[in-house]
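Worksheet: the structure to be examined is printed underneath.
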There are 2 protein chains.
Amino acid sequence: MKVDKSLLAGSTTLLLLKLLEEKDMYGYQMIEELARRSNDTFTLKAGTLYPLLHQLEQQGMVNVYEAQAENQRVRKYYSLTSKGRGLLNEKEAEWKTFSSAVNQVLRGGASYGTAF
Amino acid sequence: MKVDKSLLAGSTTLLLLKLLEEKDMYGYQMIEELARRSNDTFTLKAGTLYPLLHQLEQQGMVNVYEAQAENQRVRKYYSLTSKGRGLLNEKEAEWKTFSSAVNQVLRGGASYGTAF
DNA sequence: ATATATATATAGAACATCGATATATGAGAG
DNA sequence: CTCTCATATATCGATGTTCTATATATATAT
């Protein structure tokens, strides 16, 4: 099942950083991996991914290096920096807060299990 | 805790329809109710809400009527139509799919609990 | 030789939210 | 009585995120 693209907004960076926390990856691989893990809920487009990766690099969240695949092809691998790890932690916390809040509204209930 | 606004994208319509499923409400009330239930995670802005309500009305998802408050003040109440109820069901299903998919990626795991 | 999958890149369009601003009324303070 | 603040609705331009379309290049399969 595909979901409306606007739902994806904001979660894309979180997902990419999470992938890179596990191991270095190249762009095309991230697209495939996200689709695989989500049963095709996430079909991130190349036109979205590459500019985002460049931006994360400029912000010092990831590093890039080139490496040759078995078949001679040169790929651009990305690795998470410590700063990127910090952003990942922030984004994970945000996601938990956000998804809890949505579920709370959907349950139709007032606040509970929280600060008061 | 506030979350990045881009996370909200796509979920706003779901949340509004959900509120209206429970009872008719006016715009200002929806803003306050969402903030209350989410412990201020959702602080929907008037500049976002009113155009969205007008759009939902044009699409036949909600009906509008004016009603006087105890204090003479005239408010615009919104009620969910059957078409709107259909959209709400769709959006709720989308949300479940989406949030499950994110959590699956965050768990770092391959797919399970799904179609294969 | 040609088509298809892999791999990266950029520009312009579409869409959702926000901030700023405007208007009007009711309630409370001084 | 007047001034301010909370309530209540509305619109516009700016911003940010994703998409589609397009481009390029190499490896693989037909």
Side-chain angles (χ1 to χ4, degrees), chain A residues 2-17 24-36 38 41-59 62 64-78 91 94 98 102, chain B residues 2-17 24-36 38 40-59 62 64-78 91 94-95 98 102:
Chain A
K2 296 275 175 60
V3 300
D4 193 282
K5 69 175 175 181
S6 63
L7 260 183
L8 281 302
S11 64
T12 306
T13 300
L14 164 63
L15 297 173
L16 293 181
L17 294 176
D24 294 3
M25 294 179 85
Y26 57 96
Y28 195 86
Q29 187 183 13
M30 297 182 206
I31 291 174
E32 292 194 310
E33 186 64 15
L34 281 179
R36 193 184 67 77
S38 68
T41 295
F42 303 134
T43 53
L44 187 61
K45 302 305 179 296
T48 304
L49 176 68
Y50 292 109
L52 220 173
L53 287 174
H54 301 158
Q55 190 189 317
L56 287 171
E57 191 199 348
Q58 283 184 332
Q59 297 169 343
V62 298
V64 199
Y65 59 93
E66 300 204 333
Q68 220 148 14
E70 318 76 45
N71 53 4
Q72 255 80 301
R73 205 184 255 274
V74 176
R75 295 165 176 158
K76 291 192 173 179
Y77 281 83
Y78 290 84
K91 293 274 179 191
E94 271 191 28
F98 168 69
V102 171
Chain B
K2 296 273 176 59
V3 299
D4 192 281
K5 70 175 173 180
S6 64
L7 261 182
L8 281 302
S11 64
T12 305
T13 300
L14 164 63
L15 297 173
L16 293 182
L17 294 176
D24 294 3
M25 295 180 84
Y26 57 97
Y28 196 84
Q29 188 183 13
M30 296 182 208
I31 291 174
E32 292 193 312
E33 185 63 15
L34 280 180
R36 194 184 65 76
S38 68
D40 293 325
T41 295
F42 302 134
T43 53
L44 187 61
K45 301 306 180 295
T48 304
L49 175 68
Y50 293 109
L52 219 173
L53 287 174
H54 301 158
Q55 189 189 317
L56 287 172
E57 191 199 349
Q58 282 183 331
Q59 296 169 345
V62 298
V64 198
Y65 60 94
E66 301 203 334
Q68 221 146 14
E70 318 76 45
N71 53 5
Q72 253 84 299
R73 205 185 254 276
V74 176
R75 295 165 175 159
K76 291 193 173 178
Y77 281 83
Y78 290 84
K91 293 273 181 192
E94 269 191 28
W95 165 253
F98 169 69
V102 171

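Please read these numbers as outputs of a predicted model, since none were measured by experiment. Here is how names work: the chains are called A, B, and so on, in the same order as the sequence lines, proteins then strands, and each is numbered from 1.
- In this structure, A/Leu16 and A/Leu34 have side chains that are in contact, with non-hydrogen atoms separated by less than 4.5 Å.
- How far CD of A/Glu33 is from OH of A/Tyr26: 10.5 Å, rounded to the nearest 0.5 Å.
- Residue A/Lys5 places none of its side-chain N or O atoms closer than 4.0 Å to OP1 or OP2 of C/dA16.
- Considering only side-chain atoms of B/Arg75, the nucleotide from D/dA10, D/dC19, D/dT7 that sits closest is D/dT7.
- For B/Tyr28, whose side chain is taken as the heavy atoms from C-beta onward, the closest listed nucleotide among D/dT7, D/dC19, C/dA9 is D/dT7.
- When rounded to the nearest whole Å, the span between CZ of B/Arg73 and P of C/dG28 equals 12 Å.
- Between A/Gly10 and B/Ser6, the shortest heavy-atom contact is CA-OG, 3.2 Å.
- For B/Tyr50 and D/dA8, the shortest distance from a side-chain N or O to OP1 or OP2 is not below 4.0 Å.
- At whole-Å resolution of the value, CZ in B/Phe98 and C1' in D/dT18 are 13 Å apart.
- When the side-chain nitrogen and oxygen atoms of B/His54 are compared with OP1 and OP2 of D/dT9, none of them lie within a distance under 4.0 Å.
- Within 4.0 Å of A/Gly47, counting heavy atoms only, lies at least one base atom of the nucleic acid.
- The nearest whole Å value for the distance from the NZ atom in A/Lys45 to the C1' atom in C/dA7 is 17 Å.
- Side-chain atoms of A/Tyr28 and A/Arg75, non-hydrogen and from C-beta on, never get closer than 4.5 Å to each other.
- With rounding to whole Å, B/Leu8 atom CG is found 16 Å from D/dG16 atom P.
- Here the P atom of nucleotide D/dT17 and the CG atom of A/Leu56 are 11 Å apart, to the nearest Å.
- If A/Asp4 and A/Ile31 are placed on DNA chain C by their nearest nucleotide, the residue sitting closer to the 5' end is A/Ile31.
- The residue B/Leu49 sits apart from the nucleic acid: no heavy atom pair falls under 4.0 Å.
- The distance from atom CG of B/Leu7 to atom P of D/dT15 is 21 Å, rounded to the nearest whole Å.
- You'll find that the side chain of B/Tyr26 is closest to D/dT9, out of D/dT9, C/dC18, C/dT6.
- Among all heavy-atom pairs drawn from A/Ile31 and A/Leu44, the shortest one is CG2-O, 3.4 Å.
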Worksheet entry | Paired and unpaired positions of DNA chain D as dot-bracket, Watson-Crick or G-U wobble under 3.5 Å, | denoting a partner strand | ||||||||||||||||||||||||||||||
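- The NE2 atom of B/His54 lies 6.0 Å from the NZ atom of B/Lys76; values are rounded to the nearest 0.5 Å.
- Distance from the side chain of B/Leu44 is smallest to C/dC18 among C/dC18, D/dT18, C/dA24.
- For A/Lys76, whose side chain is taken as the heavy atoms from C-beta onward, the closest listed nucleotide among D/dT11, C/dA9, D/dT7 is C/dA9.
- Two residues are said to be in side-chain contact when any heavy atoms from C-beta on lie closer than 4.5 Å; B/Leu8 and A/Phe98 meet this criterion.
- Considering only side-chain atoms of A/Thr12, the nucleotide from C/dA5, D/dT18, D/dT7 that sits closest is D/dT18.
- When the P atom of C/dA9 is taken as reference, atom CG of A/Leu53 falls 8 Å away, rounded to whole Å.
- When the side-chain nitrogen and oxygen atoms of B/Ser6 are compared with OP1 and OP2 of D/dG16, none of them lie within a distance under 4.0 Å.
- Counting to the nearest Å, the C1' atom of D/dA25 and the CD atom of A/Glu66 are 13 Å from each other.
- Contact of the A/Glu94 side chain with the A/Leu14 side chain is not registered, since no non-hydrogen atoms from C-beta on lie closer than 4.5 Å.
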